[in-house]
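Reading through the structure tokens given below for one structure.
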Amino acid sequence: MLAVEMKHIYKSFGPVKANHDVNFDLEQGEIHALLGENGAGKTTLMRILYGLYKADMGEIFINGEKVAIHSPKEAIAAGVGMVTQHFTLVPPLTVAENVVLGYTNGVVLSQREIEKNVAAASEKFGILVNPSALVKDLSVGERQRVEILKALYRNARILIMDEPTAVLVPQEVDVLFESLLRLVKSGLSVIFISHKLIEVMAVSDRITVLRDGKVANTVKKSETNQVELAKMMVGRETFGVRLLDACETSEPIYELSGVTLDGKHGKKVLDDVSFCVSRGEILGIAGVSGNGQGELTEVITGLVTPTKGSIKIEGRDITHLAPGQLSDAGIGRTPQDRHEGTIGDLSVAENLALEHIKDYTQKGLLDRKKIRDDATTIIKEFQIKASPGDQLRKLSGGNMQKVVLARALSRKPKVLIASQPTRGLDVGATEYVRNRLLEERARGTAIVLLSEDLDEVLALSDRIAVIYEGRIMGVVPSAEATPEKIGLLMAGAVQH
Amino acid sequence: MGDFIIDIIAATLRVATPLIFATLGELFCERAGILNLGIEGTMFFGAFSGFAAASLSGSLWVGVLTALVGGMLSGWLMSLFSVRLGVNQHVSGLGITLLMTALSLFGFRVIFGESRVLPSITPFKQLSIFPNSPVLGEIFSQYALTYIAIALIPIVWWVVYRTNFGLNLRSVGDNPEATDAAGINVYNLRTIALVIGGALMGVGGAFLSVAQLGSFTFGIVAGRGWVCIALIIFANWHPIKVLWGALLFGSVQALQSRLQLTGIKLPYELFLALPYIVTIIALTLAGRNASYPAALLKPYKRE
């Protein structure tokens, strides 16, 4: 008898078909991995099983019985538990209190009794926790164990783990996998959502690959390998990738070496990031959102100081400089979010002057005429559809981005950090911004282009560095780069 | 000197009584994640409704009960805005205070008309627990409501830390998402907390009119509600520490009114300000380590 059987599941969000005729089954006591790129429909499918979404069509059977699950409460009653990346724990409460929350009877809460029960459950399932510890004092890995125990304590026989390793450090991943393997031996069935091939190969019995909301295939782990899975995930034949050395470039003027940034819970959000950029070169940084691009931008624009590593421009160490000093050192930047780098209530001219206010200050007073004159010149040069006195917030996204870009470029920077330069822009404005970046490149500026738009990275870059989990997976010359190759690196499939 | 100290201790307990009631009430609200700035108005309404009911029925306990129910209504009204409709808690709380204050004054005018003599009732008598002991007899010659207030401290502690309702309450004020995910109705739970809180605030207000004063005046609450907002931070949302906070404020209050009579040549306003100055200092010291309920001030909406 199958633990779970989902038949012909359909689910759309507006025009997006998140799940299209998906069949999925889970055997008793197996670990079944759901593999796929971001947006392939893995989490949607599991949210349907857990009662968080309602399927448009399809049937679900649990232990051979047809069920209709409308809420997590009903899912729990049916023996399904789910552990997501966002823990549903109450930090000031103890582990025991968190485990029993909402699962108590009567009036009186006996700390001794719940701690005894939770300790017993902890021992029974082999999930080590300290019942009387406060959750706020626990590490992420320990918190995850509390979440798993919470599900098991509610008699879950089917456990859904949604990207459980995303928040863990490597040692914690090992502990988690050991626990899961032990639990399935005692009869638990586990669905393991992941987009990491290595982990899937390490821990699962069977693997279902989802692509664009459809099942690409379901295979036994013993009958497949990483390359084949990667092929199923991406949907195309993949090729070997020739990787460049991170600093294999003509005349590097901007260099990151070993830049590391510790995150909140000891997990490195940037791990030994190194690359070089030459004069007149665009280095594209590609990656699935959330793999460290945001943090990288913050570090190289001086908003955050890295834990380790150094940043140099023309050999001068600029690691610890403040944003303003970086600007003086010849670094121009366009922020990830144009609203973050501008002030909507101020005028176009004031926003253009904002980063270099001391150049416009005389005897402690602003030289309004100079601000306005310079703005007029810049507006003309960059074809911004606005006059200097217009309030910035009234501008279209494209014109606002031009202001941001113009502000950086009008200083003739040696290095330009362009972060998501065309996000949310229309075709015309996108075209303009991209051409402008290419002109800048021709002028001899070294450009770091961070973009989630893979086509943009491919179209503009001379070399492409792929970031995955805060690490640079490899640098590929753009002449040899294809979406497939980059996609494989972005999924962490190629290790070197 | 001995008499003076005994007198101050006895007065401290009296002054602390309404603060204990109302701060414990605020504790329920804030532990559930709702800052109830309706506290001042709810106390005022309790003082009025308690006095009016006692005066009309002739029974002081009917007065207390009425204040309790009135407070519950006020708390429920707060829940309607801040919990169900998700209105900003500062706005809804201040709105409740304005509303309940105005309703009380209006009701007072309707019931008692405009008389030149302040309407009054015979207030509660003080109960002596140790009539034969000179020291304890004096200290523990208090109103029944004072004894109830002190008894409430361990009871509230027990409810918050040793009942399943308390567990849910502590959860919802810190992580309503997790509480919801655990199958607990966040909205109902917060409503219940506000209703309990309102009841305690109402009784706190009634103490002033039916026990201490025997009448109802415009300045009867005189900012005690706001003091409770400070005390709850001072107490770090813990029932036992509420007692210490209330006693600290009460003792300074008791001290200052007696200092005024000693004839020290200082403007009397300085003495009046003393308890509030001490509150500010205590709050500054204690507030640095305050661990606010994480979801305080955040309306909960399901995704």
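Note on naming: letters A, B, ... go to the chains in the order of the sequence lines (proteins, then strands), and numbering restarts at 1 for each one. What you are looking at is a predicted structure, and each value in this text was computed from that prediction instead of being measured.
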Practice task
Under the side chain to side chain donor-acceptor pair (under 3.5 Å) rule, collect the residues that match up with S12(A), sequence neighbours excluded.
Solution key: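 By the side chain to side chain donor-acceptor pair (under 3.5 Å) rule, S12(A) matches no residue at all.
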Separation between [atom1] of [X] and [atom2] of [Y], rounded to the nearest 0.5 Å:
| X | Y | atom1 | atom2 | result |
| --- | --- | --- | --- | --- |
| I191(A) | L159(A) | CD1 | CG | 9.0 Å |
| I150(B) | L145(B) | CD1 | CG | 11.5 Å |
| L68(B) | I196(B) | CG | CD1 | 10.5 Å |
| Q144(A) | T165(A) | CD | OG1 | 8.5 Å |

Exercise for the section: Tell me, for N105(A) versus chain B, whether the close heavy atoms (under 4.5 Å) come from the side chain, the backbone, both or neither. Expected result: backbone
Completion exercise
So, the part of L89(A) with a heavy atom under 4.5 Å from chain B: the answer is backbone
Practice task
Using a strict cut-off of less than 4.0 Å between a Lys/Arg side-chain nitrogen and an Asp/Glu carboxylate oxygen, indicate whether K42(A) and E163(A) qualify as a salt bridge.
Solution key: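 Here K42(A) pairs with E163(A) in a salt bridge, since their nearest N and O are under 4.0 Å apart.
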Exercise for the section: Could you look at I184(B) and say if it's the side chain, the backbone, both or neither that has a heavy atom under 4.5 Å from chain A? Expected result: side chain
Handout entry: Contacts of residues 108-135 of chain A with chain B (heavy atom under 4.5 Å)
Key =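 Residues of residues 108-135 of chain A touching chain B at under 4.5 Å: V108(A), L109(A), Q111(A).
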Exercise for the section: Taking the six-membered ring for Trp and the single ring otherwise, decide whether the centroids of Y53(A) and H70(A) are under 6.0 Å apart. Expected result: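 Between Y53(A) and H70(A), the centre distance exceeds or equals 6.0 Å.
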Handout entry: Test of ring centre spacing under 6.0 Å for F249(B) and Y276(B)
Key =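 Centroid separation for F249(B) and Y276(B): below 6.0 Å.
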Practice task
Return the option, out of N175(B), T163(B), N164(B), with the maximum number of heavy-atom pairs under 4.5 Å with chain A.
Solution key: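 That would be N164(B).
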Completion exercise
Highest number of heavy-atom pairs under 4.5 Å with chain B among T88(A), T104(A), L101(A) belongs to L101(A)
